[in-house]
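Report on the following structure.
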Amino acid sequence: MADLIVTLLKVAFLAVLWLFVLLVANVIRTDLFRAAPAGVPGDAKDKRAARSPEPRKRSKHEAKVLAIDTGPQAGTRLALVDEFRIGRSAECALVLDDDYVSGDHASLARRANGDWVVTDLGSTNGTFVNEVRVVTPTVVTASDSLRIGRTQMRLET
Amino acid sequence: MSATALSTGEVVVHKSRPAVGLLLLLLAQAVGISGYLLTHLDVDGHLPGAWPYVLAAWFAVGLATHFVVTRKLPYADPVLLPATFLLVGLGLAMIHRIDLIADPARSDAQTQSLWVVLGIAAAIAVILLVKDYRILRRYPYLLFLAGLVLLLLPLTPLGVELNGSRIWIRVFGYSFQPAEVAKLVLSLAFAGYLAETKDVLAMAGPKVLGFTLPRARDLGPIAVMWVASMLVLIYQKDLGTSMLFFGLFVAMVYLATGRSSWVILGGLLFAAGGWFAYQRFAYVGVRVSSWLDPFSNYDTNYQVIQAQFGFAYGGLLGRGWGLGRPGLTPLAKSDFITAAIGEELGAVGLMAVILVYGIIVARGLRTALSCTEPFGKLLSAGLSLVFALQVFAIIGGVTRLLPLTGLTTPFMSQGGSSMVANWLVMAVMLLVSHEARRPVAVRVDEGDVASLSADATQVIMLRPSQSPRPEPRTASSPALPDDHEPPARALPDPDDAEATAAFTPGDETSTSTATRPITTDPDEPTQLYRFDQEEL
């Protein structure tokens with residue numbers, strides 16, 4: 001084959017290879033920016049999120065204490081740290097002496113904006129926020145009740 | 001590290017993007033197949049007779065994989081699969097190209113294609129069988145043991161020594177590199193173990209010179225890993241594998257705890273082992289001399305020198321497919337496939353390949369960032385890191401940035417066990433990324449809770465008379481709003497994937513509290529409200 005064609009094909013191949021890289025870069029870029037932050041009002045794509053009710057008033061102050069109200073350890077109060085796990089096993093930061101609690105039941109973590117998020121770690125009996133079983137990370141505030149097994153607790157500021 | 005686990009701030013909703021993934025996949029596959037076609041055009045001057053079949057089979061495999069992945073994991077990262085196919089395609093084309101050098105031409109590329117299909121089949125099996133990757137965290141110690149056995153299996157009589165390293169085993173006439181599978185198994189084990197114990201590892205320990213040293217009893221796992229990697233270094237004579245596994249463990253401990261003392265300790269331990277090996281074992285000395293001063297001994301460092309000549313001959317744009325002489329480098333199909341790429345595609349092509357590896361690693365780390373639970377975070381980050389370490393070690397070795405270590409080039413170099421193992425790694429990365437990018441429904445409806453009580457799972461229903469929230473007892477409690485109703489949320493329709501959005505805790509206090517009845521079609525991919533009713 002003519003040298004010119006060989007060279008052209010060679011360069012065209014490299015161009016396609018780099019086209020792939022650039023397209024991937026573009027996909028990553030749109031992935032970052034087209035993926036709308038949920039719940040931004042006025043974003044047409046997220047009408048549903050914007051419409052979603054947010055009946056709780058957020059407390060002005062950040063929660064600092066976890067208070068246990070019912071259950072075997074009622075009355076216990078625990079100063080909150082950034083992220084900890086709740087469960088029956090000794091490895092948890094908050095060990096609940098409650099037969100209805102799984103070994104590694106749930107985790108409570110603080111987001112950067114000060115919200116506390118409870119995550120069920122695949123427990124048998126579930127984690128309940130305001131008596132609603134939560135399956136995904138859920139924000140809890142001082143006005144929510146959190147129940148794990150027979151232990152009812154809430155955040156206090 | 002643990003404090004930042006959930007501090008990503010605003011919730012980002014990823015969209016299922018099958019069309020974009022398909023476009024990228026077709027382009028990636030086109031790159032691979034045009035390598036094959038260009039090779040024949042340049043070598044023979046015409047296309048091979050079988051090319052339509054090769055093309056059809058190649059695209060059929062890609063489309064089938066794409067179909068299964070988008071069907072089962074609609075939210076998985078759209079970039080991972082195309083990037084993998086690009087590397088696989090380039091690798092196959094290059095192996096085929098080197099096959100043609102021998103007279104008569106060899107058929108290693110056909111064998112390798114078979115392994116690619118097997119690897120994809122294994123990956124698809126994992127995707128279909130593992131509904132929730134979190135079940136993989138259940139048996140960390142068992143997996144740890146299995147990983148160690150795999151890692152040290154070549155030391156048993158099953159092992160065979162090839163090219164100076166004892167990292168293969170031979171069963172029923174097939175040789176197999178168990179360390180490749182151990183990579184995945186140990187990543188799973190470490191992720192499971194560290195997700196459990198990271199708090200303990202991070203908190204406890206005496207402080208010496210400003211470093212929080214780990215406690216003596218926490219040193220057990222790191223000691224076991226160190227001994228295992230030293231055994232690999234000494235008895236299997238494989239620097240790369242030894243570094244890979246110890247590096248994986250140290251990196252994951254660091255990720256989980258955020259304590260730099262682990263990294264320093266691990267680095268010192270490995271440096272000590274490496275220095276000892278350098279003093280005692282000739283093969284390490286050879287590796288170091290071929291790295292620093294290859295031309296001091298042309299015969300011993302023949303392979304590395306040939307690779308250098310290959311890179312030089314390739315130059316910036318390369319010789320073009322089929323026009324270089326990659327066959328002059330020993331093991332050009334396996335360890336030195338990047339040298340062949342550098343020779344025929346040039347620095348420009350090799351940079352693109354390295355970037356594609358970088359993209360895979362970056363997407364894995366991105367998955368780890370958006371994942372909301374520690375096991376997925378650690379698993380995804382660990383797999384990406386071990387992948388990055390492997391690519392860095394082998395390409396760095398071939399290009400003489402580092403001493404050469406006999407690792408495989410993931411997805412490209414010839415070798416069945418590596419191909420299958422890396423496809424399994426890819427399957428797990430896709431599983432985690434699907435879970436991490438899936439929109440979250442924040443609440444489930446009461447109806448679901450009620451229906452659960454009819455099931456065998458033990459759901460404790462509180463007495464209906466009990467107030468959902470006890471009265472505030474202390475003066476420091478805030479004034480609470482009057483309504484004690486659980487907040488009802490509008491739940492997105494399952495059939496409207498585009499609008500399926502996660503909720504951010506916004507400040508708005510809308511009053512439309514209509515709760516939709518949930519009609520979950522089990523065949524819909526966006527089943528956000530079903531429970532995983534697993535027993536503990």
Side-chain angles (χ1 to χ4, degrees), chain A residues 1 6 9-11 13-14 16-18 20-21 23-24 27-28 35-39 41 46 48-49 51-59 69 82-83 91 93 100 102 109 111-113 115 117 119 122 124-126 130-139 142-143 145 150 152 154 156-157, chain B residues 2-3 5-7 9-14 20 24 27-28 31 34 38 42 45 78-79 86 134 196 320 348-349 352 355 359 372-373 440-444 449 458 460 468-470 476-478 480-481 486-487 489-490 492 499 501-510 512-513 531 534 536:
Chain A
M1 270 203 311
V6 169
L9 283 175
K10 179 175 90 178
V11 174
F13 179 84
L14 290 176
V16 173
L17 191 57
W18 277 94
F20 175 80
V21 172
L23 271 181
V24 166
V27 169
I28 294 174
D46 288 288
R48 230 179 270 272
R51 248 194 294 135
S52 69
E54 192 69 43
R56 290 163 296 147
K57 279 222 166 60
R58 199 119 48 97
S59 155
D69 289 315
D82 272 349
E83 185 183 4
E91 282 168 4
Y100 293 86
S102 298
R111 286 208 181 130
N113 60 3
D115 282 333
V117 177
T119 311
T124 307
N125 288 327
N130 296 331
E131 294 312 306
V132 178
R133 184 168 180 162
V134 297
V135 285
T136 50
T138 304
V139 172
S143 51
S145 75
R150 286 184 304 176
Q152 193 108 34
R154 72 199 142 77
E156 282 183 10
T157 49
Chain B
S2 58
L6 276 162
S7 62
E10 62 187 12
V11 179
V12 169
V13 187
H14 293 283
V20 168
L24 284 178
L27 185 64
V31 169
S34 36
L38 281 177
D42 288 348
V79 170
L86 183 100
R134 275 164 291 197
E196 291 293 323
V348 171
L355 260 180
I359 286 165
T372 48
E373 47 89 37
V440 269
V442 174
R443 295 285 161 90
V444 285
V449 177
Q458 342 163 346
I460 315 154
R469 185 181 54 246
S476 64
S477 295
L480 297 166
R489 303 249 189 166
F503 299 103
T504 325
D507 280 318
E508 62 209 297
T509 51
S510 167
S512 63
T513 53
F531 296 116
E534 298 169 1
L536 264 184

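Chain identifiers are assigned alphabetically (A, B, ...) following the order of the sequence lines, protein sequences preceding nucleic acid strands; residue numbering begins at 1 within each chain. As the structure is a computational prediction, the values presented were derived from the model and not from experiment. Scope of the values below: all heavy atoms of this structure, side chains included, with no hydrogens, waters or symmetry mates.
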- [ ] Decide yes or no for B/Leu86 and A/Leu17: does some side-chain heavy atom of the first lie under 4.5 Å from some side-chain heavy atom of the second?
- [x] yes
Task: Shortest non-hydrogen contact between A/Val27 and B/Pro78, atoms and distance - done: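 Nearest heavy atoms, A/Val27 then B/Pro78: CG1-CG, 4.1 Å.
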Open item on the list: Does any backbone or side-chain atom of B/Val31 lie under 4.5 Å from a heavy atom of chain A? Answer side chain, backbone, both or neither.
Closed with: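 Contact with chain A involves both backbone and side-chain atoms of B/Val31.
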Task: Region of B/Leu24 that comes under 4.5 Å of a non-hydrogen atom in chain A - done: both
Task: Contact class of A/Leu14 relative to chain B, heavy atoms under 4.5 angstrom - done: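 Side chain of A/Leu14 only, per the 4.5 Å heavy-atom cut-off to chain B.
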